[in-house]
Amino acid sequence: MQSNRQTTDPKIAQKLHDVGVAFHLPGLFFSYDEISMGNVNQTYKVNYIMDDGTGMAKIKSFLAQKLNTYAFKQPIQVMENIEKVTEFIRQKRPDGINLHFHHTDVTGERKTYLFDGDDVWRIVNYVPSVTFDSSDDLTIVHNTGEAFGDFQTVLSDFDASQLFYTIVDFHNTRKRYDTLLADIQRDAAGRVKDVQTEIDYLLSVREQACILTTLYDKGDLPLRVTHNDTKINNVLFDEATHNALVVIDLDTVMPGLVGYDFGDAIRFAANFTEEDSCNTSKTGLDLNTFWAFADGFLSKTARELTDTEIETLGGSCFAITCELAVRFLNDYINGDVYFKTKYPEHNLIRARCQIALAKDMLVKMDAMNSIVKGCAVKYKG
Ligand code: GN1
Ligand code: MG
C-alpha cells in the first residue's frame, strides 16, 4: 500500500505553498504529506482549507510533483505529452475518473509546469484511492491487467507521431546493454570488481533478453502508444470496492511495444518478493498472479494484438526483467545517480533480485506461454 510520511520541514512547506500560488490553487495551504512511492520523481500531497460553498470549511488536496530532470532531460516535452494524452482520454471518457493537470499563467501563458529556477513542478488532482505494491488478491491483479490493457486500447487511435520520446531508447534493451558495457569500461565508482557474477549472468542471456528489440528491428512488431512504466502501484483503486479507477504516472507514455507494458507489469506484480528484496531465495514468478494479470490484460487487448505480439508476451517478461537488472546494475556501477536509493547497495540488491526473477521465468516459460495462449484464444477466438 502507498506509504505517506508526515513531515513538517518549513522549507518544503514554503516551497509547496509558493508552487500552489503559482498554480492558483484555491483556499489556504495548511499541510503536506510526502508520498514515498516512486523511484524517480518526488511527490507531495498538499492540503488546502476552503469554503465548501455553504460557509463551512472543507479540506481539498492536490498532488504536487517535482520532476526528476536527471531522468527527464526535456520536462516540457514530458508535460506536452501528458497534456495531449489526458485531454484525449478525457474527451473519449468524459464521465470517467481522469487526471487534470493545473495551469499557471506566470508569463501570461498557461502552462502545466512551473520552472522555479531550480526545479520543474506540476500539480494534478488528488484522487482519493488506495494503491498496492503487490497483492495476493487475484481480483485486484486481474483489475490491474484490465486497467493497463484498457489504457492501451483507449489510446489505440491516438496519433503516436504527436508524442515526443521523453526518454529516448527507454525500453531498447540492446542499447541498455551497450550503455552497461560502456559504463563497465569507465568504472566511475570503482565497483565493477564487486559485480562480476551479475555482469556475467546478464551477458550470458543477452540475445534472449534483447528479443523485443530484435523483432522490432526486423519489422515483426508494430509500434503502439504504451505506458512504459506499468507497476501495479501506478493504478489507483477504489478504497471500498478495489475497482481500478485510473492509471497514473504518464511521464513515459510514448510509442512502444505491447511487450513493454505486459513484461514490466509482470516483473513487478508477479514476483513473490518486492523488487528490492535481499531474500532472493524467495524471489520468483508467481504463476497464479501471472495468469490473473494476463487474463485481465488480454481481455482488453487480445482482439487488437497480432499473433506475433501475443507469442512474444511471455518472452517480454524475461526481456524487461533483464533490462531492469541491467539498469539497476548500471546505476550501481555509476555510483547511484539515477534511481533514488535508501542505502549504499540498494541498486545492487535490486539488480540481484531481478536476476533471480529472470532465472525463475526461464524455468516457467512454457507455462507462461501456455497461459497467454489460453487467454488469447478465450478473448480473440
Ligand atoms: C522507475 O518512477 P517509478 O518508480 O514509477 C523507473 C521505471 C522502473 C522503476 C523500477 C522514468 O519508475 O522505469 O521500472 O523505477 N522510471 C523511470 O522501480 O526511469
Ligand atoms: Mg514512473
Side-chain angles (χ1 to χ4, degrees), residues 1-3 34-44 63 65-75 77-79 81-82 85-86 99 120 122 124 131-134 144 147-148 151 163-173 175-176 179-180 209 212 226-236 246-254 256-257 259-271 273-277 283 316-332 334 336-342 346-355 357-358:
M1 291 230 185
Q2 181 174 305
S3 54
E34 189 174 339
I35 301 203
S36 56
M37 207 177 70
N39 289 332
V40 173
N41 294 324
Q42 192 71 52
T43 307
Y44 302 92
L63 285 187
Q65 279 194 311
K66 183 167 76 173
L67 261 89
N68 178 331
T69 48
Y70 184 87
F72 297 104
K73 309 271 188 238
Q74 306 285 350
Q77 295 186 352
V78 171
M79 293 315 296
N81 277 5
I82 289 179
V85 165
T86 49
L99 299 180
V120 176
R122 65 186 173 201
V124 65
T131 58
F132 301 94
D133 283 336
S134 64
T144 309
F148 283 127
F151 183 81
L163 294 175
F164 293 106
Y165 282 86
T166 52
I167 299 181
V168 176
D169 291 323
F170 189 58
H171 281 305
N172 185 326
T173 315
K175 289 252 169 80
R176 294 286 187 184
T179 307
L180 174 68
L212 291 177
T226 46
H227 181 280
N228 297 309
D229 189 5
T230 46
K231 299 187 343 186
I232 184 172
N233 57 24
N234 278 334
V235 178
L236 303 185
V246 62
V247 169
I248 59 165
D249 192 0
L250 308 184
D251 297 327
T252 49
V253 173
M254 283 181 275
L257 307 180
Y260 299 162
D261 282 1
F262 186 83
D264 198 30
I266 292 298
R267 165 197 85 72
F268 193 80
N271 188 348
T273 64
E274 300 201 333
E275 73 173 2
D276 58 355
S277 171
T283 298
S316 74
C317 302
F318 179 75
I320 299 295
T321 303
C322 289
E323 184 185 285
L324 249 293
V326 165
R327 292 177 61 197
F328 287 142
L329 188 64
N330 203 164
D331 201 30
Y332 182 71
N334 288 349
D336 309 315
V337 290
Y338 186 95
F339 294 103
K340 287 193 241 165
T341 51
K342 295 195 177 122
H346 201 167
N347 272 319
L348 177 57
I349 295 293
R350 286 169 169 150
R352 286 186 178 146
C353 182
Q354 298 307 295
I355 288 172
L357 177 61

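Note: hydrogens, waters and symmetry copies are ignored here, and every other heavy atom, side chains too, is used. Read the numbers this way: they start at 1 and go in the same order the structure lists the ligands and their atoms.
- Any N or O atom pair closer than 3.5 Å counts here, and E275 shares at least one such pair with ligand 1.
- Judged by the shortest distance from any of its heavy atoms, A71 lies outside the 4.0 Å radius around the atoms of ligand 1.
- Using a 4.0 Å cut-off between heavy atoms, K231 contacts ligand 1 through its side chain alone, with no backbone atom that close.
- Checking side-chain atoms of K340 against main-chain N and O of N41 turns up a donor-acceptor pair under 3.5 Å.
- Side-chain atoms of T43 do not come within 3.5 Å of backbone N or O of E34 as any donor-acceptor pair.
- Judged by distance alone, the side chains of Q65 and D251 never bring a donor and an acceptor atom under 3.5 Å apart.
- When you scan the N, O or S atoms of D229 for the one nearest the Mg ion (ligand 2), you land on OD2.
- Using a 4.0 Å cut-off between heavy atoms, D229 contacts ligand 1 through its side chain alone, with no backbone atom that close.
- Looking at F268 against ligand 1, nothing comes within 4.0 Å, counting heavy atoms.
- Contact annotation for R267 and ligand 1: only side-chain heavy atoms (C-beta onward) come within less than 4.0 Å of the ligand.
- Judged by distance alone, with hydrogens and angles left aside, the side-chain atoms of D169 form no donor-acceptor pair with the main-chain N or O of N172 at under 3.5 Å.
- The nearest N, O or S atom of D249 is closer to the Mg ion (ligand 2) than 2.8 Å.
- Aromatic ring orientation, Y338 versus Y70: perpendicular (interplanar angle above 60°, classes split at 30° and 60°).
- Considering backbone and side-chain atoms alike, N41 places every N or O at 3.5 Å or more from each N or O of ligand 1.
- Within the listing of ligand 1, atoms 4 (O) sit less than 4.0 angstrom from a heavy atom of G38.
- Counting heavy atoms under 4.0 Å from ligand 1, residue N228 does not touch it at all.
- Put simply, the side chain of H171 does not reach to within 4.5 Å of the side chain of R176, judged on heavy atoms.
- Here the straight-line distance linking atom CE of M37 with atom OG1 of T131 works out to 5.0 Å at 0.5 Å rounding.
- Using a 4.0 Å cut-off to heavy atoms of Y338, the atoms of ligand 1 that qualify are 11 (C), 17 (C), 19 (O).
- Comparing D276, N39, D331, I320 against atom 4 (O) of ligand 1, the shortest heavy-atom distance belongs to N39.
- Each of the following atoms of ligand 1 lies closer than 4.0 Å to a heavy atom of L324: 14 (O).
- Put simply, the side chain of I82 reaches to within 4.5 Å of the side chain of R122, judged on heavy atoms.
- Among N39, N330, D331, the single residue meeting the side-chain hydrogen bond (donor to acceptor under 3.5 Å, both in side chains) criterion with N347 is D331.
- Looking at T341 and R350, their side chains come closer than 4.5 Å, going by heavy atoms from C-beta outward.
- Judged by distance alone, with hydrogens and angles left aside, the side-chain atoms of H227 form no donor-acceptor pair with the main-chain N or O of D261 at under 3.5 Å.
- Among all non-hydrogen protein atoms, the one lying nearest atom 1 (C) of ligand 1 is V40 CG2, 3.7 Å.
- Across F72, F339, Y260, heavy-atom proximity to atom 6 (C) of ligand 1 is greatest for F339.
- Using a non-hydrogen distance threshold of 4.0 Å, R327 registers as a contact of ligand 1.
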